[in-house]
Amino acid sequence: MDINGAVSAFGALSQKTRLDVFRLLIAAGPEGMSAGDIGETLGVRQNTMSANLSVLLQAGLVRNTREGRTVRYFADLGGTGALLTFLMSDCCGGHPELCSQVIESITCRKS
């Protein structure tokens with residue numbers, strides 16, 4: 001990811017509803033969620049949700065697939081990983097061991 005992609009991603013996440021959607025889709029995992037379920041969960045009207053999902057799609061943070069008349073959304077882990085890599089690529093002035101706490105805190109763990 002380059003600086004322009006990072007700015008686009010941060011712009012997409014700089015609005016509360018879009019950040020809520022992104023976090024909800026991260027939590028939903030590989031099953032994702034339908035657009036209707038996302039809107040219902042967050043209490044957001046369909047037309048507003050559609051606009052917010054479009055911004056997240058353009059930023060490369062979510063992806064979607066059509067299932068009949070329903071559209072299912074997923075966190076785009078490739079785009080998310082690219083953003084995290086962009087942020088952490090120059091971590092800690094050449095001392096990656098200092099970044100281990102940050103990396104460990106974002107790593108999924110099974111309970």
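Judged purely by atom type and a 3.5 angstrom limit, Ser14 uses its side chain to pair as donor or acceptor with the backbone of Gly11.
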Could you tabulate the donor-acceptor pairs under 3.5 Å formed by side-chain atoms of residues 79-88, not counting sequence neighbours?
| residue | atom | partner | partner atom | Å |
| --- | --- | --- | --- | --- |
| Thr80 | OG1 | Asp76 | O | 2.9 |
| Thr85 | OG1 | Gly81 | O | 2.8 |

Side chains of residues 52-70: which donor-acceptor partners sit under 3.5 Å, not counting sequence neighbours?
| residue | atom | partner | partner atom | Å |
| --- | --- | --- | --- | --- |
| Asn52 | OD1 | Arg18 | NH1 | 3.2 |
| Asn52 | ND2 | Thr48 | O | 3.1 |
| Glu67 | OE1 | Arg72 | NE | 3.2 |
| Glu67 | OE2 | Arg72 | NE | 3.3 |

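Rounding to the nearest 0.5 angstrom, the gap separating the CZ atom in Phe74 from the CD atom in Glu31 is 8.5 Å.
The list of salt bridge (charged side-chain N to carboxylate O under 4.0 Å, His left out) pairs with a residue in residues 33-58, not counting sequence neighbours, is empty.
Qualifying side chain to side chain contact (heavy atoms under 4.5 Å, CB included) partners for Leu42, counting only residues two or more places apart in sequence or in other chains: Asp20, Val21, Leu24, Ile38, Val44, Met49.
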